[in-house]
Amino acid sequence: MIKRRIAELLTTAINEAQSRRALPAMSIPDLGIDHPPQRELGDYASSVAMRIARAARMNPRDIAATIASLIPPSREIARVETAPPGFINLYLDDSWVAEQVETILREGIGYGSGVLPGKRIQVEYVSANPTGPLHAGHGRGAVFGDTLANILAFAGHDVQREYYVNDAGAQVRLFGATLLARYQQALGHDVPLPADGYAGAYMQTLAAEIVEEYGDRFLALPQDEAQQELASIGMEKVLAWIRGDLHDLRIHFDRWFHERELFEDGQLQEALAKLREAGVLDEREGALWFASTALGEDKDNVIIRSNGIPTYFATDIAYHYDKFLRRKFDEVIDVWGADHHGHVSRMKAVVSALGIDPDRLVVALSQLVTLKRGGEVVRLSKRTGDIVTLREVIDEVGADACRFFFIQRSPDSQMDFDLELAKEQSDKNPVYYVQYAHARIASILRLAEERAIDWSAGEVALLRSEAEQNLIRKLITFPEVIETAALNRAPQGLPAYALALAGEFHSFYRVCRVVSDDAALSAARLKLVASVKTVLANALRLMGMTAPDRMVRTDE
RNA sequence: GCCCCUGUAGCUCAGUGGAUCAGAGCGUCUGACUUCGGAUCAGAAGGCCGCGGGUUCGAGUCCUGCCGGGGGCGCCA
């Protein structure tokens with residue numbers, strides 16, 4: 001990665017300056033390497049001189065000049081300049097830039113990968129209760145988690161994707177009770193729904209399906225037994241829906257971890273033993289508490305109720321014990337809905353009390369999605385039954401647009417998603433802008449093939465015009481984009497990059513004829529567009545989107 | 001009351017403490033192919049980055065106080 005190379009060169013220069021006593025001996029902070037706001041100021045710039053000026057008791061301009069003069073000559077850098085108030089500007093060498101086309105073609109789908117040392121990272125996402133269909137908000141977390149996992153894996157980590165299936169606990173009993181009522185109703189019995197039951201119409205769908213497949217056999221069972229059986233059957237059906245939705249969003253998990261596994265294998269007991277050892281448990285009022293006030297939390301939390309039944313918090317303790325101490329992940333990323341944020345600090349406190357560095361647990365909260373239809377806000381509530389399901393969103397706007405829209409926004413911001421708008425403006429949809437660039441290149445390559453042009457010996461050194469150079473310079477920042485997105489756990493850098501690259505290509509396309517009478521130049525440019533296609537495809541693949549070779553308008 | 005997220009162009013939103021940093025897309029307005037895909041390109045208009053202090057050589061970015069929006073504070077999950 002060229003950015004790393006530049007860091008090496010700067011470090012070499014700084015060390016040299018220090019050994020010549022042109023700079024005082026001191027530790028050097030982050031070199032502050034970035035892209036200048038304008039092309040004229042170079043391809044990369046470092047603000048290190050200003051960062052160390054105070055400690056060095058020197059004028060930043062002088063420091064910059066000293067460092068710049070000691071940067072060793074290299075193939076990558078054509079020249080170095082300084083600019084007030086102390087920037088060091090580096091200009092890439094055009095020939096070296098042109099050669100990068102060959103690098104990209106050689107590395108292909110691996111270009112940009114492996115930029116970080118691998119850790120074992122688990123990303124747990126979606127994890128919606130199997131008591132109802134996924135809604136749009138789940139979709140956001142799903143796409144965020146999945147794309148993040150893609151990026152982390154591509155960057156070089158060993159990533160495991162997991163869905164936590166909440167198939168034990170109070171909501172299951174309520175689900176079963178509701179389903180039984182619906183089942184009885186479907187068979188002509190006039191029974192009321194339980195208070196706070198699941199009101200969604202899908203419960204009737206489930207009941208009807210069960211009547212269809214099993215007949216009235218559950219009527220004869222004792223109520224408890226009937227509820228249990230129905231809950232189990234119903235959850236399997238809901239899980240099948242969920243899997244179907246996720247499949248259509250191209251999301252696949254390595255493991256579906258069931259809550260009940262935590263009770264079958266003693267994780268909770270072991271975790272509690274550890275916590276007891278750490279002295280953070282407290283028994284009072286017949287219940288077992290996590291004494292988190294002593295750890296700086298604003299209140300204690302019940303782990304085991306006075307009736308002996310563990311809380312949701314208890315299972316999460318056991319679950320994280322399992323993640324860290326049994327499965328030994330270096331890092332665990334939990335993607336939760338924003339409504340769980342109150343749970344974050346006590347979960348971290350637990351992890352810490354288990355003897356694990358709490359920074360190894362990263363909780364990403366995905367904020368609310370306000371779904372709109374023609375400007376009208378649609379409320380998302382599982383209870384009212386008036387929900388827009390993820391299924392509807394996928395069917396309306398398609399998986400590609402759905403994914404692109406969700407990851408374009410930082411998970412920290414609430415977002416509006418207007419289905420009508422997304423549908424109406426599908427032509428103007430940014431997703432098509434990127435895909436169109438890819439399809440356009442595919443078309444050019446088809447033309448070359450039709451004309452039997454062999455461009456394998458193309459001489460990339462011919463790629464020296466401004467449009468060509470700009471395009472390649474954009475290409476070679478791809479590995480940096482991956483690194484930044486992976487380090488910051490911020491996938492939204494990827495769609496932004498894809499748009500910028502597509503834009504650079506479209507501009508290039510206007511100015512530079514690819515297949516022309518000039519055979520040598522044609523061959524070079526075919527290599528260039530092929531490399532653009534490679535990088536676009538890499539970006540789209542990481543975003544979980546298709547990279548079409550042809551696009552057909554269907555709306556005209 | 002306490003905690004978390006948030007406030008940037010008419011709209012939806014990007015912006016690791018760096019320089020023309022006021023950005024993109026949509027919307028509005030002007031232009032552009034007899035050759036590779038016009039789902040394109042070139043350009044214009046549009047802004048006290050919610051408000052006030054502070055830290056810094058440098059603040060949309062960090063701290064703090066207000067104001068506005070959303071969410072959370074159960075022996076629910």
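Chain letters run A, B, ... following the sequence lines, proteins first and then strands; every chain starts at 1.
Taking atom CZ on A:R4 and atom P on B:rU16, their separation rounds to 20 Å, with Å as the unit. Atom CD of A:Q492 is separated from atom P of B:rG25 by 18 Å (rounded to the nearest Å). Residue A:N301 contributes atom CG, which lies 12 Å from atom P of B:rC76 at whole-angstrom precision. Put simply, CH2 on A:W289 is 10 Å from P on B:rG74, counting in whole angstrom units. As a whole-Å value, the separation of A:K299 NZ from B:rC75 C1' is 13 Å. Rounded to an integer number of Å, the gap from OH of A:Y432 to C1' of B:rA24 is 20 Å. In this structure, the CD1 atom of A:I317 is 13 Å from the P atom of B:rA77, given to the nearest Å. Atom CZ in A:F404 sits roughly 16 Å away from atom P in B:rA24 (whole-Å rounding).
Residue A:I453 is out of contact with every strand shown, counting any heavy-atom pair closer than 4.0 Å. Heavy atoms of A:H343 sit nowhere under 4.0 angstrom from any nucleic acid atom. If you check every strand for non-hydrogen atoms under 4.0 Å, A:A53 touches nothing.
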Run the ring-ring contact (aromatic ring centres under 6.0 Å, His included) check on A:H138 and A:H135 step by step: do they pass? CA-CA 5 Å; A:H138 291 129; A:H135 56 63; 3.9 Å; yes

Is there a side-chain hydrogen bond (donor to acceptor under 3.5 Å, both in side chains) between A:R473 and A:T477? Walk through the geometry before answering. CA-CA 7 Å; A:R473 280 172 158 82; A:T477 61; over 6 Å; no

- Task: Begin with the C-alpha distance, continue with both residues' side-chain angles, and end with the deciding distance and a verdict on ring-ring contact (aromatic ring centres under 6.0 Å, His included) for A:F417 and A:F405.
- Result: CA-CA 8 Å; A:F417 196 122; A:F405 270 94; 5.6 Å; yes

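Across B:rG7 and B:rC63, the matching P atoms stand 14 Å from one another, rounded to whole Å. Nucleotides B:rA9 and B:rG18 are separated by 24 Å at their C1' atoms, to the nearest Å. Separating the P atom of B:rG46 from that of B:rC3 is a span of 42 Å, rounded to the nearest Å. Straight-line distance between the P atoms of B:rG71 and B:rC75: roughly 22 Å, to the nearest whole Å. Taking the C1' atom of each, B:rG23 and B:rC49 are spaced 11 Å apart, rounded to whole Å. Comparing the P positions of B:rG69 and B:rC76 gives an interatomic distance of 32 Å, to the nearest angstrom. Taking atom C1' on both B:rG74 and B:rC26, the two are 44 Å apart, rounded to the nearest angstrom. Taking atom P on both nucleotides, B:rG54 is separated from B:rU12 by 33 Å, rounded to a whole Å.
Between the base of B:rA19 and the side chain of A:N89 there is a donor-acceptor pair shorter than 3.5 Å.
A:Y91 meets the ring pair (Phe, Tyr, Trp, His ring centres under 6.0 Å) test with no other residue; sequence neighbours excluded. Residues satisfying the ring pair (Phe, Tyr, Trp, His ring centres under 6.0 Å) test with A:Y163, not counting sequence neighbours, are A:F253, A:W256.
Both A:S507 and A:I88 lie near RNA chain B, and the one whose nearest nucleotide falls closer to the 5' end is A:I88. The residue among A:R346 and A:M415 whose nearest nucleotide of RNA chain B lies closer to the 5′ end is A:M415.
Ring geometry, A:F505 versus A:F508: the interplanar angle falls from 30° to 60°, so the pair is classed tilted. The aromatic rings of A:Y164 and A:Y319 sit parallel to each other, their planes meeting at less than 30°, with 60° as the upper class boundary. Taking the six-membered ring where the residue is Trp, A:F478 and A:Y497 present tilted rings, their angle falling between 30° and 60°. Ring geometry for A:Y198 versus A:F175: interplanar angle over 60°, hence perpendicular rather than tilted (30 to 60°).
Side chain of A:H341 to backbone of A:L365: no donor-acceptor contact under 3.5 angstrom is found. A donor-acceptor pair is defined here as one N or O able to donate and one able to accept, closer than 3.5 Å; such a pair exists between the side chain of A:R513 and the backbone of A:V515.
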Name each donor-acceptor pair under 3.5 Å that joins a side chain in residues 285-296 of chain A to protein atoms two or more places apart or in another chain, with its distance.
{"from": "A:W289", "atom 1": "NE1", "to": "A:R284", "atom 2": "O", "distance (Å)": "3.2"}
{"from": "A:S292", "atom 1": "OG", "to": "A:F290", "atom 2": "O", "distance (Å)": "3.4"}
{"from": "A:S292", "atom 1": "OG", "to": "A:K299", "atom 2": "O", "distance (Å)": "2.8"}
{"from": "A:S292", "atom 1": "OG", "to": "A:N301", "atom 2": "ND2", "distance (Å)": "3.1"}
{"from": "A:T293", "atom 1": "OG1", "to": "A:D300", "atom 2": "OD1", "distance (Å)": "2.5"}

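Exactly one of A:H157, A:K323, A:R489 qualifies for a side-chain hydrogen bond (donor to acceptor under 3.5 Å, both in side chains) with A:E331. That residue is A:R489. Put simply, the residue from A:L152, A:I482, A:L487 that forms a side-chain contact (heavy atoms from CB on, under 4.5 Å) with A:L116 is A:L487.
Between A:R305 and B:rA77 there is a side-chain polar atom (N or O) within less than 4.0 angstrom of OP1 or OP2.
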Report each atom pair, protein N/O against N/O of nucleotides 3-6 of chain B, whose distance is under 3.5 angstrom.
{"from": "B:rC3", "atom 1": "O2", "to": "A:H341", "atom 2": "NE2", "distance (Å)": "3.2"}
{"from": "B:rC5", "atom 1": "O2'", "to": "A:D412", "atom 2": "O", "distance (Å)": "2.2"}

Applying the Watson-Crick and G-U criteria (both distances under 3.5 angstrom) with [ ] for crossing and | for other-strand pairs, one obtains for RNA chain B (((((((..((((....[....)))).(((((.......))))).....(((((..]....))))))))))))....

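Distance from the side chain of A:L368 is smallest for B:rG70 among the nucleotides B:rC13, B:rU20, B:rG70. Of all nucleotides listed (B:rU40, B:rC75, B:rU12), B:rU40 comes nearest to the side chain of A:Y433. The nucleotide whose nearest atom lies closest to any side-chain atom of A:R409 is, among B:rA19, B:rA14, B:rG18, B:rA14.
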Whether each nucleotide of nucleotides 32-37 of chain B has a protein heavy atom under 4.0 Å at its base (B), only at its sugar-phosphate (S) or at neither (-) is summarised, 5' to 3', as B--BBB

